[in-house]
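Throughout, a chain's letter reflects where its sequence line sits, starting with A, and its residues are numbered from 1.
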Amino acid sequence: MSRILATAVSEFRIAFRNRWVAIATAMMALFALVLAAAGAAPTGDIGADRLSVIVASLTSLSVYLVPLLALLMSFDAVAGEVERGTLPLLLTYPVSRLQILLGKLLAHVTILGLATGLGYGLAAVAAIFSDPKALAGLPSLWRLVWSSVLLGATFLGAGYALSALTRRTSSAAGLAIGLWLAVVVLYDLALLALIVSDAGGPLTTRVLPVALLSNPADAFRIFNLSAAQAVSAAGGIGGAADAIPLWQSAASIMLWPAAAMALAWAAFRKATP
Amino acid sequence: MTSTLQISQLTKSFQSVEALKDVSLTLGLGKRVALLGHNGAGKSTMMKIILGLIPFDSGSVAVCGAAPGSAGARMQVAYLPENGSFHPALTGEEQIRYYLSLRGESPKLAMGLLERVGLAHAARRRIGGYSKGMRQRVGLAQTLIGKPRLLVLDEPTSGLDPVSRRDFYDLLDGLAADGAAILLSSHVLTEVEARTDRIVILSQGRLAAEGTLAELRARAALPVVLVVTPAAGHEAALAAAFPEAAGGEDGRLRLSCEQAEKLPLLSRITAQGGKVADLDVIPPSLEDIYSHFSRRDGQ
């Protein structure tokens, strides 16, 4: 455990020096504040408190931003060590490869937690400041923060796996962006096409829920929206998924980080420095 | 368990290239062995196998009685990579603190280690701004962590100035006196001469020679060169007395002979009395011995 902690401290320091902590937090805060300002308008129509509306908007934002941040922080994890030539020495130390990965994960998850916590927290403060009733939305904000961290952990693991498989930062970066595009953007477009062509047929009712649950980003969106009972208000893919029970989407967002880390571990174990 | 490192009939190929072929080596407590060879002779490959970084094809390797790369072996082995590189965003002290934690030692020892390698003044600066020699010192400092029983040092003195090299070998002497076995590779033959117990020469993946410098010198049996400077006016007479000698442009005569013929030849020269102004005996240089063994196969 002390080895994981030592690795995490070192990685956090590196990320801090490389401005990752500042960049991630500033990005989250900026987007959250913009959404908080923009989300002020529809409050009256829906009848929900202001913060809950903001959380619904932040959910859609996090689906894109959190995986992107996670992949940007992680693609360098193994490939960067290989290219700098620091990996062989590290691997001669009495520390297992899993411990190295977990140390990096701990540091990066902490940064994501800080970024989302501070960024969304800022939006919450802004909302509560202008509307005291917004306090009612705090539980959903908290849920958004921890589920964002889990979503981030999934993509951190995926980034480590790509990094270990390619062993070159340039290839790892390209693949990371490709993964983000495929899982977060194109996957949903494909599902939308499916819904439109099927027009409420058996595909929509049977395949769609499974397809949504097996994508960590979609599971995250559904979990947050259905937990806030805002699925119908959200529309789009989220709206098509009101049939999925909460425990299923919760299980998906909790299992994915473990699966991604297992993948990363398997890839890293095969890498010879 | 008498030997710290035991390698027997180690063989390793990369695709079609034979990197190591049937190499055997034993390294005991407190022994310092220098591994010599051309680039690509298999030095780094051998070190990486000992460290468990890459697998090998056949033969056996035991590091402190354990399999290379196993947790037990890694606890007792320290490694200095050829071009020591570290994360440029960390300071020397932070990097060493991290390595100390990984070995289960107190991070507070970092400054002491950096002092031992003469880097205390730069400990709080980022490694990104270090020179090659300073990075090499960070590498050295991390090999001193704990009490390693085996040190594997790949070109440890590259990038160090002559004074630092001497300090470095002094450090090694201390470690060896404490019982650590040391395997180091080098291109600089003159510096391993006095500072190692044994020399191992690898050539194209094979063990070309092994022994103390004196043993290698005897086995190579390279000719000794005697340079005779004639006294003024006796050049022609001397040249006639030693018809086998090669004359140099400086008027001096160069005689080459086997080790065994050295003394008879010397007495022949001294018999010339006043015709000889000066005499130099030049034994085969380390470079000669090294080339002799490393080129024996094929080249």
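For the pair Ile14(A) and Glu94(B), the minimum side-chain heavy-atom distance is 4.5 Å or more. In this structure, the side chains of Thr92(A) and Val77(B) stay at 4.5 Å or more apart for every pair of heavy atoms.
Dense packing is recorded around CH2 of Trp146(A), with more than 12 heavy atoms of other residues, nucleotides or ligands lying under 6.0 Å away. By the neighbour-count criterion of 12 heavy atoms within 6.0 Å, atom CE of Met75(B) is sparsely surrounded, having that number or fewer from other residues, nucleotides or ligands. Around the CZ atom of Phe14(B), the shell of radius 6.0 Å holds more than 12 heavy atoms that belong to other residues, nucleotides or ligands. The number of heavy-atom neighbours closer than 6.0 Å to CZ of Arg84(A), taken from other residues, nucleotides and ligands shown, is above 12. Atom NZ of Lys48(B) is surrounded by 12 or fewer heavy atoms from other residues, nucleotides or ligands within 6.0 Å. Within a 6.0 Å radius of CZ in Phe31(A), no more than 12 heavy atoms belonging to other residues, nucleotides or ligands are found. Environment of NZ in Lys12(B): crowded, with over 12 heavy atoms of neighbouring residues, nucleotides or ligands closer than 6.0 Å. Within a 6.0 Å sphere centred on NZ of Lys147(B), other residues, nucleotides and ligands contribute 12 heavy atoms or fewer.
Within the model, atoms CG of Leu87(A) and OG of Ser85(B) stand 10.0 Å from one another, a figure rounded to the nearest 0.5 Å. Note that CZ of Phe86(B) is 6.0 Å distant from CG of Leu89(A), once rounded to the nearest 0.5 Å. Once rounded to the nearest 0.5 Å, the distance linking CG of Leu102(B) with CG of Leu90(A) reads 6.5 Å. The OH atom of Tyr93(A) sits 11.5 Å away from the CG atom of Leu51(B) when rounded to the nearest 0.5 Å. The line from CZ of Arg97(B) to CZ of Arg13(A) is 7.0 Å long, rounded to the nearest 0.5 Å.
Distance alone, capped at 3.5 Å, is enough to place a donor-acceptor pair between the Arg74(B) side chain and the Leu91(A) backbone.
Proximity to chain A involves both the backbone and the side chain of Gln142(B), based on heavy atoms less than 4.5 angstrom apart. Contacts between Ile145(B) and chain A at a heavy-atom distance below 4.5 Å involve the side chain alone, from C-beta outward. Contact of Leu90(B) with chain A is made through backbone and side chain together, with heavy-atom distances under 4.5 Å.
Between chain B and the residues Leu5(A), Ile4(A), Thr86(A), Asn18(A), the most heavy-atom pairs under 4.5 angstrom are made by Thr86(A).
Residue Arg17(A) comes nearest to Thr91(B) through the heavy atom pair NH1-N, 4.2 Å, listed as atom of the first residue, atom of the second, then distance. Counting all heavy atoms, side chain and backbone alike, Gly104(B) lies closest to Arg3(A) at N-NH2, 3.9 Å.
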